[in-house]
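Order of the sequence lines sets the chain letters (A, B, ...), proteins ahead of strands, with each chain counted from 1. The figures that follow rest on heavy atoms only: side chains count, while hydrogens, waters and symmetry mates do not.
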Number of protein chains: 2
Amino acid sequence: MNLSQFELLCEVARVKSFSKAAKLLHLSQPAVSAQINSIEDFYGTQLFERSSSGVTLTEAGKIVYSYAKEILKLHEALEKEVDALLRTENQKLVIGASSNVGNYALPCTIWTFKEKYPSAEIQQVVNNTDTILNMLKNDQIDIAILEEPMSNFTDDFVTRTVSNDELLVIAPPREPWINRTTITLHELKKAPLIMREKGSGIRRIFEEALASWGLKLDEFNVKAEMSSINAIKSTVEAGLGLSISSRIACRTAIRAGLIHPLTIEGKSIKINYQLVFKTKKPFNITGKRFIRFLAGPGDPLFC
Amino acid sequence: MNLSQFELLCEVARVKSFSKAAKLLHLSQPAVSAQINSIEDFYGTQLFERSSSGVTLTEAGKIVYSYAKEILKLHEALEKEVDALLRTENQKLVIGASSNVGNYALPCTIWTFKEKYPSAEIQQVVNNTDTILNMLKNDQIDIAILEEPMSNFTDDFVTRTVSNDELLVIAPPREPWINRTTITLHELKKAPLIMREKGSGIRRIFEEALASWGLKLDEFNVKAEMSSINAIKSTVEAGLGLSISSRIACRTAIRAGLIHPLTIEGKSIKINYQLVFKTKKPFNITGKRFIRFLAGPGDPLFC
DNA sequence: CAGGGTTACGACGAACGTAAACATT
DNA sequence: AATGTTTACGTTCGTCGTAACCCTG
């Protein structure tokens, strides 16, 4: 038996569904199914009652569940104690992140991480995707979290998808947009558009999406280029144009009614956020833990 | 992290040596080394101080060790509870064993096993190797423990070595043997010899050893064939001849001074005791546990 | 027929054993 | 030399994801 199997079992028991647990653990449903089967095989009895509307713990399952929680708690305490002992050691980790990730997602992630590992010293660097990538190459940062840097990557780097998001068109919250949920590509081409600067991951993803539809950014009515997401939001809010943003970057502004989100009719532009680091990097304990942490249950960035 | 890794760590900590732990856990030394390395990597710090005279726990290692013991204890309690819940279920396991194993090794093994899993119902069948094999084929027993049945086996069976032993020549504890520790092949060929019956694993192993030296049993002076190990020992003790036996079958008689062990000069005949079961066998919990148990630390048969 | 769980299968990585190297006494 | 650990390498087995399938409301 494996601690991660206990974690899986606890997650399944908590959400009462293989498929939901699979999503939360970043696994496929069959993988969860197989793991549960192997655990049941280990204890020689069924632990979950399967039904078409999810699963429930059997009597034996309840026993295993309660002990599994205890064991995991004990192991967390173990990690904390080792942590306390090594407090004097090098626990520093420098994380670089693109604007979207660094400004809107990562702070909460780091906060959760530091709650689990209080002695970790994390330094955060935010810049646009290209700049962060260069810093990673030059060893100025240990690890990066970026919009999917696609294939322009050598074997020297490891990438691992940790979350996903989508691109939105953002508009001022008034006519003609306020009562619409979509915008046609044709409309978007004509509208005044504010873009992020070159080197922005969001901009690149948008351009790649355009390319896949046979379009180029030149054909659009780009009024301004800005490197600050806040500046863009303010500009859109002021009604000076539309822009492109990730959902996470504008979700609070949307909730506050400051800007209005639109999707492009019939299209959807997904973003994968990835962890990137050098293959040969010898991480200290904080680095190893942070990588493990991002692989754990729940969405590490949208927490 | 894995429970078996905790077990390995505890074993290493207990015996303060990678190589000794490897033997006790039926692993190679490099395997233990690699596992410890991977555990140390997980916690981000060294857990054992290596020296040429074994290993000692570091401060961090002591912490991990104490928690590991707790976690394993908790997991044993978990198994016990599941066990109690399933007490009404089918917990029966029929184990067949050859004379050597069944008479001299298995009783203690089963006793230890039942101490760990009190609800297990184990029935033991003892007969010679060939008979036990036939019973296994006919599903009269669930599992067999035998002298290595070599290669005369199909894919339908799984074999797993669980312990080893050696063949001895046993002699009466008086002249001319009492002051000797070895016997030449030439002497053995001439001496009156008492053999186990055909179908005995011990006899087959002896005959195979002879064959590897270019000899046949016909060339020996076989005075009698007996199917009872006790009868053979009594006969040897009475000075009526020499015989061949496994060390485990005669160790108490040797300790009591009733018979005298000899090895064949320049030769050594090893015995591997193996667990054998049908590949497709769907074991109940007792069966699974028994198989796991035999793979655990310590020599399961010479306990 | 849609949501949820299982089965089948190919790919990848972890763990093992063997053998050889290396370190210490 | 002997004992004990590490490194190197090929093999095997476990775990994963994809895709197809099956069951039930």
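- Taking Asn284(A) as the reference, Asn90(A), Thr286(A) meet the side-chain contact (heavy atoms from CB on, under 4.5 Å) condition, with sequence neighbours excluded.
- For the salt bridge (charged side-chain N to carboxylate O under 4.0 Å, His left out) condition, the pairs that include at least one residue of residues 13-24 of chain B, sequence neighbours left out, are Glu11(B)-Arg14(B).
- Remark: Lys73(A) engages Glu70(A) in a side-chain contact (heavy atoms from CB on, under 4.5 Å) (not counting sequence neighbours).
- If you measure from atom NZ of Lys16(B) to atom P of dG4(D), you get 15 Å, rounded to the nearest angstrom.
- Here dT3(D) presents its C1' atom at 10 Å from NZ of Lys20(B), a figure rounded to the nearest Å.
- With sequence neighbours left out, Glu49(B) forms a salt bridge (Lys or Arg N to Asp or Glu O under 4.0 Å) with no residue at all.
- Counting only residues at least two apart or on different chains, the salt bridge (charged side-chain N to carboxylate O under 4.0 Å, His left out) pairs with a member in residues 53-64 of chain B are Glu59(B)-Lys62(B).
- Legend: residues meeting side-chain contact (heavy atoms from CB on, under 4.5 Å) with Ser53(B), ordered by chain and number and at least two apart, are Ser51(B).
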* Structure fact -> Going 5' to 3' through nucleotides 15-25 of chain D and flagging B where a protein heavy-atom sits under 4.0 Å of the base, S where only the sugar-phosphate is that close, and - otherwise, we get SSBBB----SS
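- Close approach of DNA chain C to chain B, defined as any atom under 4.0 Å from a non-hydrogen atom of the protein, starts and stops at dA15(C) to dT25(C).
- Arg180(B) pairs by the side-chain contact (heavy atoms from CB on, under 4.5 Å) definition with Trp177(B), Glu187(B), Leu262(B), not counting sequence neighbours.
- At whole-Å resolution of the value, CG in Asn37(B) and P in dA8(D) are 13 Å apart.
- For residues 261-278 of chain B, every residue pair satisfying the salt bridge (charged side-chain N to carboxylate O under 4.0 Å, His left out) rule, not counting sequence neighbours, is listed here: Asp139(B)-Lys278(B).
- Electrostatic pairing of Lys69(A) and Glu7(A) does not count as a salt bridge here, judged by no charged N lying under 4.0 Å from a carboxylate O.
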Just list the side-chain donor-acceptor pairs under 3.5 Å for residues 33-41 of chain A, sequence neighbours left out, or say none.
| from | atom 1 | to | atom 2 | distance (Å) |
| --- | --- | --- | --- | --- |
| Gln35(A) | OE1 | Gln5(A) | NE2 | 2.8 |
| Asn37(A) | OD1 | Arg50(A) | NH2 | 3.1 |
| Asn37(A) | ND2 | Ser33(A) | O | 3.3 |
| Ser38(A) | OG | Gln5(A) | NE2 | 3.1 |
| Glu40(A) | OE1 | Arg50(A) | NH1 | 3.2 |
| Glu40(A) | OE1 | Arg50(A) | NH2 | 3.2 |
| Glu40(A) | OE2 | Leu47(A) | N | 2.8 |
| Glu40(A) | OE2 | Phe48(A) | N | 3.1 |
| Glu40(A) | OE2 | Arg50(A) | NH1 | 2.8 |
| Asp41(A) | OD1 | Lys288(B) | NZ | 3.1 |

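- An end-to-end axis angle of 30° holds for the helix from dC1(C)-dG25(D) to dT25(C)-dA1(D), taken from five base pairs per end and rounded to 10°.
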